[in-house]
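Here the structure is laid out as structure tokens; the discussion comes afterwards.
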Amino acid sequence: MKDTVSIYSQLDILRKSLDGDLKYDKVTSTIYSTDASVYKEYPLAVIWPKNRSDLKKIVAFAAEEKVAITLRAAGTSLAGQVVSSGIIVDISRYMNKILGINREEKWVKVEPGVVLDELNISLKNYGLFFGPETSTSNRCNIGGMVGNNACGSHSIIYGSTRDHVLEISAILSDGSEVLFGPIGKADFSDKCLQNSLEGSIYRKMNEVLGDPLNQREIREGFPDPAIPRRNTGYALDLMLNNEIYQKDSVQKFNLCKLLAGSEGTLAVITEVKLNLVPLPPPAKALVCIHLKKRNDAFLANLIALKYNPAAVEMMDDRILELTENNISQRENRFFLEGRPKAIVIVEFVRETITEVDDTVSAMTAELKADGYGYSFPVVKGKDILKVWELRKAGLGVLSNMKGDPKPVSLIEDTAINVEQMPQYIADFAATGHRFFNGKVIPVSNSVP
Ligand SMILES: Cc1cc2nc3c(=O)[nH]c(=O)nc-3n(C[C@H](O)[C@H](O)[C@H](O)COP(=O)(O)OP(=O)(O)OC[C@H]3O[C@@H](n4cnc5c(N)ncnc54)[C@H](O)[C@@H]3O)c2cc1C
């Protein structure tokens, strides 16, 4: 990077060439120095691009000046994904249009700055919605969801963002514009022959993925494929599940699977084509299993999963206690009975309420027979939202804890095979005790 004075004069020149905005004053730099994580770095500048042409100029500038660029959507990342000392490129201000909806083929094309809730409101009249969700759905953007491969409570049925990304238009580091999407064998071979950065990406991928030794290492070394909700580096293992590298597969090769979850490190996303799903069936109920022991939550979860729930979430006693004195959360605690060590919330969605009731009865009977739970309130109608509000508030109330001790998110979004959860939590607690003299307490507030 050039010296400070000269880089600012270069930024001034860049600003004049943009349709969007560019700032490098102290206030802006301070506002953009954090995301929802504990990390903090002051960026050199912040740019709000208006279009693809702006983005191409920014990429060219970054290459020329050797400055890092970090794409930022709503900035709700929890692990410092959008914190950088380089240039922050905020796509949420201008690049937030829905570009096209196809009801018959069930897809929507959007710019990366579209807010998830706003997208789903627009899709409601079509009887469709975008399946994956996050607790931050009222502000997080599709670009950020793709970057983090986001998913939420209903990931049991809808999977993660990656599962619904059909195509991505992107800008590569040399400024070239590329469309990533599903391609057949012949197209794949053609791409590998192209004399361009795109061509070299396909060639390099083929070099890595086509090597039998690498294939074995990837298949054996990557996390358990039975865990659908995981973000462990680049999803190279999923890049093997297609007709090019797996004889019996009918899936097409699609680099979108790699871009999803790559946290903005591979390309600048300018448009995304997303798969849509029909709105969920109308009948819904929650069962709020009250447990006397925290570990029972992980065992009760295994029973709940047998009944095809739409969502299963857990809140432990520490989170529940913190909501006790929270004015906005007090009314959302209406369903609590006594002082449970943990609550497991199980959501059932079916075509009729009779089907829901039958499933609730069957699951509750099995839980009782196995000795899990002392109370099983069933919540229906508008009250369902209150229960989910309480669950969503978990992370917030934890962060705003009164007094000197403050929670620090050391291990975020760990993905564990549900069968191994009881042992994992026990091991984790023991490790905390060993290294932090008993001052580390695992707090569970997630899909068990
Ligand atoms: C209270 C709270 C609750 C949360 N709950 C959940 C949850 O339930 N599930 C979940 O998955 N996450 C959750 N998160 C994390 C976060 O909200 C989600 O991952 C969300 O999808 C991030 O969206 P965003 O718009 O804020 O993206 P950002 O944080 O702005 O960006 C996310 C990533 O995407 C990249 N990116 C953004 N735009 C582009 C682009 N145009 N091109 C290339 N890369 C781009 C960024 O560089 C970054 O790496 C939670 C966070 C908080 C604070």
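Counting convention: from 1, in listed order, for ligands and their atoms alike.
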request  = Among Asn148, Asp35, Thr136, find the residue that satisfies the side chain to side chain donor-acceptor pair (under 3.5 Å) test when tested with Ser77.
outcome  =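 Only match with Ser77 under side chain to side chain donor-acceptor pair (under 3.5 Å): Asn148.
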Is any side-chain heavy atom of [Y] closer than 4.5 Å to one of [X]?
| X | Y | answer |
| --- | --- | --- |
| Ile58 | Phe61 | no |
| Val146 | Ile142 | yes |
| Lys257 | Asn241 | no |

ask   = Would you say Asp35 contacts ligand 1, with heavy atoms under 4.0 Å as the rule?
value =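 Per 4.0 Å heavy-atom rule, Asp35 does not contact ligand 1.
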inquiry  = Using heavy atoms and a 4.0 Å limit, tell me yes or no: is Ala267 in contact with ligand 1?
reply    =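 Under 4.0 Å: yes for Ala267.
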Residue selection (non-hydrogen contact nearest [atom]) among [options]:
| atom | options | result |
| --- | --- | --- |
| atom 52 (C) of ligand 1 | Thr270, Thr136, Leu55 | Thr136 |
| atom 34 (O) of ligand 1 | Ser84, Gly147, Gly113 | Gly147 |
| atom 41 (N) of ligand 1 | Leu78, Ile269, Asn149 | Ile269 |
| atom 36 (N) of ligand 1 | Pro49, Gly143, Gly152 | Gly143 |

query = Any Lys/Arg nitrogen of Glu324 or Arg339 sitting under 4.0 Å from an Asp/Glu carboxylate oxygen of the other?
reply =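 Yes, Glu324 and Arg339 are salt-bridged.
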query = Less than 4.0 Å between a side-chain N and a carboxylate O, is that true for Asp187 and Lys252?
reply =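 Answer for the salt bridge query: no.
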Is it the side chain (CB and beyond), the backbone, both or neither of [X] that lies under 4.0 Å from ligand 1, heavy atoms counted?
| X | value |
| --- | --- |
| Ser153 | neither |
| Ala74 | both |
| Ser77 | both |

inquiry  = Applying the side-chain contact (heavy atoms from CB on, under 4.5 Å) criterion to Ile289, which one of Ile343, Asp296, Ile303, Val346 satisfies it?
reply    =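 It is Val346, the one option of Ile343, Asp296, Ile303, Val346 that forms the side-chain contact (heavy atoms from CB on, under 4.5 Å) with Ile289.
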Taking only heavy atoms of [X] into account, list the atoms of ligand 1 that are under 4.0 Å away from them.
| X | answer |
| --- | --- |
| Pro112 | 41 (N) |
| Gln81 | 48 (C), 49 (O) |
| Glu263 | 47 (O), 49 (O) |
| Ala36 | 53 (C) |

request  = Before giving the answer on salt bridge (charged side-chain N to carboxylate O under 4.0 Å, His left out), spell out for Arg318 and Glu321 the whole-Å C-alpha distance, their side-chain angles and the decisive distance to 0.1 Å.
outcome  = CA-CA 5 Å; Arg318 291 186 189 91; Glu321 271 165 29; over 6 Å; no
